[in-house]
Amino acid sequence: MKHNRSIGARSSGLTYLDAFLPERVLHFFMPELPEVETIRRDLENKILGKKIVSVLVLAKKSVHYSANKFIKVLTSDRIEKINRRGKLLYCSFVKSDLFLLVHLKMTGQLIYRQKEKITAGGHSLGKIDFELPNKFTRVIIRFSDGSELFFNDLRRFGYLKLNTAEEKDKILQKSFGIEPLTSDFKYPAFVKLFEKRKTTIKALLLNQKLIAGIGNIYADETCFCAGVRPDRRVGKINEEEKKKIFKCIESVLKLSIKNRGTTFNSYVDCDGKVGGFVRLLKVYGREGEKCRRCSGVIKKIKAAGRGTHFCLNCQK
DNA sequence: GTGTTTGTTATCAA
DNA sequence: CTTGATAACAAACA
């Protein structure tokens, strides 16, 4: 019998509360659209227009082109704008014509730290969270006001890469489908994705080339919201259900962004607050628990090659 | 040593 | 050609 609610299917034995502890947050972070958008908004407030005074590349694999080129381009330039497409961030510079593409993949983090300030009580605000840099820090970017941006990435799948405008546009074009939460996300275009397809709704939602930004957590939560089993073939999903799925993509993503994403530490203000959407998860990480809508049991299966959660009773 | 966790891509199959 | 399913990647942990 589990008394503590474990987070997701992570077989770590960690409890629900553990995931909120800063040192744990380091290990459990799965950035999908809402998390990346939260980061984008925060960083825009924090680093836009700030002069980069130095760049430290601790893991060459994490940057492209070469580390030398990366350092050379960034140093003494400023980030002009931060954009997002799906789970990818891309930044323009004031001086350079190149673009900085940032993908966090599974375990990447962008953590902003002000230069340590001492409060009246003598507490160091910078130490409320966790030590930086740490052993997963791959790149450090320092700004002229003493603040720093840390790129941490335990598994080193993520990257900070420079591309020409041409290269960037090509990637954006070939890799991403409809962007949710924009005017491109229209029901007729959404329904077209179902045509002539034999895959499952979960695989469709996860496919970045069809819809950009949805990952494993939000695919499951969207299916729950719509009352549709994630392993249903898209051809067997009726019009009413498609409408629900369409609406749910928007509502789930919006609600998560409003709550600063899932298991996301509020690194900017160091006030100990974390992303609030974990509390609002309905199915992800709740295997064996009671459904919050109908009192059925949450089941976990493998679908589209991923851990997949749904209510046995109220998802059809 | 084995089985998990996941975003993306490469690869193979239909 | 298109679509889909799966392996691989990497690191950590039970």
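This one's a predicted model, so the numbers in the text were calculated from it and none came from an experiment.
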Short side-chain N/O contact to [N] OP1/OP2 from [X], under 4.0 Å:
X	N	result
A:Thr107	C:dA10	no
A:His103	B:dT8	yes
A:Arg155	C:dA12	no
A:Lys105	C:dA11	no

For a quick check of understanding: with a heavy-atom distance under 4.0 Å over all strands, which category does [X] fall into, base, sugar-phosphate or nothing?
X	value
A:Gly307	sugar-phosphate
A:Lys196	nothing
A:Lys61	nothing

Which nucleotide in the set [options] lies at the smallest distance from any side-chain heavy atom of [X]?
X	options	answer
A:Leu154	C:dA5, C:dT3, C:dA12	C:dA12
A:Arg233	C:dC9, C:dG4, C:dA5	C:dA5
A:Arg156	B:dG7, C:dA11, B:dT9	C:dA11
A:Arg306	C:dA8, B:dT5, C:dA12	C:dA8

If you look at every heavy atom in A:Glu179 and A:Phe185, which pair is closest and at what distance? O-CB, 3.6 Å
Under 3.5 Å side-chain donor-acceptor pair for A:Ser66 and A:Asn68: no
